[in-house]
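We name chains A, B, ... by the order of the sequence lines, and we start the count at 1 in each one.
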Amino acid sequence: MHYLRESEAARRAIAELTNAGHTLIGLDVETAPLPAYRLDAKAGLDPYKARIRTVQLAVGQTVWVIDLQQVPADLLQPVMALPLIAHNAVFEWRFLHRLGLTPAKLHDSLLLSRLATGQGLSLADCAREQLGIEIDKTLQRSDWSRDLSADQIAYAALDAVLALKLWDAYGPAIKASGQAAAYRRMAQAVPAVAGHMLAGIPFDATTHQAWLARWTADRLPLREQLEHDLQINPDSGQQLGAWLAKHLTAEELKAWPRTASGQLKTDEAAFDGCTLPALAPLSQYKRLAKKISTYGTGYAAHIHPVTGRIHADFALAGTRGGRFRCRNPNLQNPPAGDFRRLFKAPDGYRLVVADYSQVELRIAAVLAEDPAMLDAYTMGADLHKRTAAAVAGIPESEVTKSQRQLAKACNFGLIYGMGAAGLAAYASSSYGVAMPLEAAVKARRAFFSAYPGIARWHARTKVKGATDPAVRIRGGLIRDLGKEAYGWKLTEALNTPVQAPARKSCWRPWRGYPPRYRDWRPGWSITSTMRFCSKSPTGIPKPPRSP
DNA sequence: CCTGGCCGCGCG
DNA sequence: AAAGCGCGCGGCCAGG
């Protein structure tokens with residue numbers, strides 16, 4: 001282990017490393033908060049509030065710990081062309097990029113663990129499980145701004161060695177399971193994801209603040225009225241349930257929907273059709289409360305003090321099914337409509353939204369090889385209308401609007417194994433179409449005789465699941481449903497290979513801010529629910545027209 | 001005081 | 001036998 005705090009020594013070590021022709025080099029960085037953010041406990045994780053203190057490079061058991069407090073970052077430029085591996089490479093990429101360093105070949109042991117075990121593991125967990133090494137992370141949060149102790153330097157060095165070792169620990173299993181191509185695609189996406197996080201989303205904080213003030217003002221009288229009339233906290237499902245139990249008729253109470261744990265349900269659908277006068281203002285209150293907490297104060301708390309933008313955390317294959325995940329905040333579910341106008345491109349630029357129409361249904365059609373569905377898509381027909389005609393037993397020309405709505409419920413639900421009762425409930429709650437159970441049973445039968453390929457696909461999936469709980473997603477990713485809390489379930493076995501490879505909206509990056517970002521040209525950057533996938537949409541029919 | 005489960009609800 | 005799936009978040013509430 002070599003601690004390098006002098007430029008000439010660092011230059012020599014880097015020259016030696018560059019010329020040695022190593023096939024892979026372990027990489028890790030330690031960061032120190034900028035002076036203004038000394039008191040911010042999480043500043044060290046934020047590339048706008050902290051910068052790199054040390055860079056660790058590992059080859060075999062040899063590690064160089066380069067102290068960037070003394071050594072100019074530019075000396076590392078040649079290293080950026082070498083093949084590197086880090087644990088959670090998105091982190092390293094962002095901090096390096098802020099210093100003008102952009103790794104060209106960066107592998108990620110977090111992604112390796114994600115593919116090998118089904119979930120992304122911390123470096124400590126990987127080290128324990130794969131290498132039998134117990135590591136102590138207490139120094140991670142120590143003060144990296146001052147002179148470094150021998151312990152700190154040793155700690156820093158170890159992580160780079162571990163990331164490197166994990167390549168050999170996980171690599172063979174990933175190859176053997178046929179996930180090598182999936183890994184490569186994910187690793188290639190690291191710069192796009194990291195750049196996207198660094199860039200953030202421009203957000204109109206001023207307008208947002210004004211809206212929030214109005215929502216809050218609107219909520220106040222509603223809340224006071226409800227507290228007075230109902231004598232309960234309207235935010236409490238428990239208290240609401242108790243109130244309902246007292247005020248419903250015996251008959252209503254018997255039929256009232258309940259939650260998994262037996263509580264009376266208090267969602268919008270449960271209120272539907274009930275005439276208690278308090279329920280209307282209650283619904284209105286709940287809608288406002290959701291807007292204020294999640295999309296009001298919640299979003300406001302994520303506006304970055306340095307950039308004025310929202311920098312969320314994205315994770316490749318962060319979900320169990322392999323979808324892209326976003327949190328703090330989740331930018332994949334801002335309310336549709338006006339709220340989205342708060343995401344605003346700078347003057348002279350535009351935000352571009354691209355969407356693949358009915359992508360999941362198209363993938364299901366391909367996987368199921370359903371002739372009627374494939375035919376509808378090849379011909380550019382309206383699939384929902386076609387389903388509506390089949391379910392109602394009428395010609396397409398006579399399909400009404402509400403029949404088409406119902407058909408959407410059939411297409412989106414029945415594909416994934418929804419039952420008749422589910423269909424009836426789904427039709428009314430999601431599409432506002434009332435449906436008795438017998439009608440749902442008939443609709444379900446009609447659906448499967450119109451799309452026999454879907455029926456065969458369900459049967460096939462059931463048979464396969466009996467002996468093999470692993471679901472293979474086109475493109476390589478494997479999801480083992482046997483590892484899920486409830487084990488293998490048909491509905492998930494049907495959903496995963498369809499949902500996982502479907503990718504959605506992409507937002508084009510813009511120039512100008514933050515400074516380093518203007519040099520970054522990834523092509524598309526992704527905000528919405530992108531899922532990990534093959535070179536898709538191979539073999540998937542094109543949508544009839546762009547929206 | 002924090003953690004985790006449950007619920008309801010926003011999106012695809 | 002019957003079954004839509006996938007998320008994250010905020011509030012409440014119970015347990016420590």
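In this structure, A:Asp267 atom CG and C:dC9 atom P are separated by 21 Å, rounded to whole Å. Between the CG atom of A:Asp235 and the P atom of B:dC9 there is a distance of 12 Å, given to the nearest Å. Between the P atom of C:dG11 and the CZ atom of A:Arg287 lies a distance of 18 Å, rounded to the nearest Å. A:Glu484 places its CD atom 21 Å from the P atom of C:dA3, with the value rounded to the nearest Å. Rounded to an integer number of Å, the gap from A:Lys290 NZ to B:dC11 P is 9 Å. Atom CD1 of A:Ile232 is separated from atom C1' of C:dC12 by 13 Å (rounded to the nearest Å). Rounding to whole angstrom units, OH of residue A:Tyr299 and P of B:dC11 are separated by 11 Å. Look at NZ on A:Lys286: it is 15 Å from C1' on C:dC9, rounded to the nearest Å.
Side-chain N/O atoms of A:Asn333 include none lying less than 4.0 angstrom from OP1 or OP2 on B:dC9. For C:dC5, one of the phosphate oxygens OP1 or OP2 lies less than 4.0 angstrom from a side-chain nitrogen or oxygen of A:Thr491. A sub-4.0 Å separation between OP1 or OP2 of C:dC13 and a side-chain N or O of A:Ser236 is present. At the phosphate of B:dC7, OP1 or OP2 sits under 4.0 Å from a side-chain N or O atom of A:Thr259. Residue A:Arg320 places at least one side-chain N or O closer than 4.0 Å to OP1 or OP2 of C:dC7. One finds a side-chain N or O of A:Gln239 lying less than 4.0 angstrom from the OP1 or OP2 phosphate oxygen of C:dC13. Using a 4.0 Å cut-off, no side-chain N or O of A:Thr319 falls inside it from OP1 or OP2 of C:dG6. For A:Lys265 and B:dG8, the shortest distance from a side-chain N or O to OP1 or OP2 is below 4.0 Å. Within the 4.0 Å cut-off from OP1 or OP2 of C:dC5, not a single side-chain nitrogen or oxygen of A:Arg323 is found. For the OP1/OP2 pair of C:dA14 and a distance below 4.0 Å, the side-chain nitrogens and oxygens of A:Gln238 include at least one atom meeting the criterion.
Using a 4.0 Å heavy-atom criterion, one finds that A:Arg340 contacts the sugar-phosphate atoms exclusively. Using a 4.0 Å heavy-atom cutoff across all strands shown, A:Thr266 reaches sugar-phosphate atoms only and no base atom. Residue contacts shown for A:Arg479 are limited to sugar-phosphate atoms, with no base heavy atom under 4.0 Å away. Nucleic acid contact class of A:Gly417 (heavy atoms, under 4.0 Å, all strands): base.
In this structure, C:dC12 and B:dG5 make a Watson-Crick or G-U wobble pair, each of the two defining distances being under 3.5 angstrom.
The side chain of A:Ser293 lies closest to C:dG11, out of C:dC5, C:dG11, C:dC12. The side chain of A:Lys462 approaches C:dA3 more closely than any other nucleotide in the set C:dC5, C:dA3, B:dC9. Nearest to the side-chain atoms of A:Tyr416 among the listed nucleotides C:dG4, C:dC9, B:dG12 stands C:dG4. Relative to the side chain of A:Met418, the nucleotides C:dG4, B:dC6, C:dC9 differ in distance, and C:dG4 lies closest.
Ring geometry for A:Phe324 against A:Phe314 counts as parallel: the plane angle stays under 30°, on a 0 to 90° scale with 60° as the upper cut. Taking the six-membered ring where tryptophan is involved, the planes of A:Phe447 and A:Tyr451 are perpendicular, since the angle between them exceeds 60° and thus also 30°.
Between A:Arg223 and A:Glu227, at least one side-chain nitrogen of the basic residue sits less than 4.0 Å from a carboxylate oxygen of the acidic one, meeting the salt-bridge criterion. The existence of a salt bridge linking A:Glu268 and A:Lys286 is excluded, since no basic side-chain nitrogen approaches an acidic carboxylate oxygen closer than 4.0 Å. The existence of a salt bridge linking A:Arg456 and A:Glu369 is excluded, since no basic side-chain nitrogen approaches an acidic carboxylate oxygen closer than 4.0 Å. Ionic pairing of A:Glu492 and A:Arg479 is present here: one or more N-O contacts between side-chain nitrogen and carboxylate oxygen are shorter than 4.0 angstrom.
A:Gln499 contributes a side-chain N or O that forms a donor-acceptor pair with the base of C:dC5 under 3.5 Å.
For A:Gln179 and A:Ser177, the side-chain atoms include at least one donor-acceptor pair closer than 3.5 Å.
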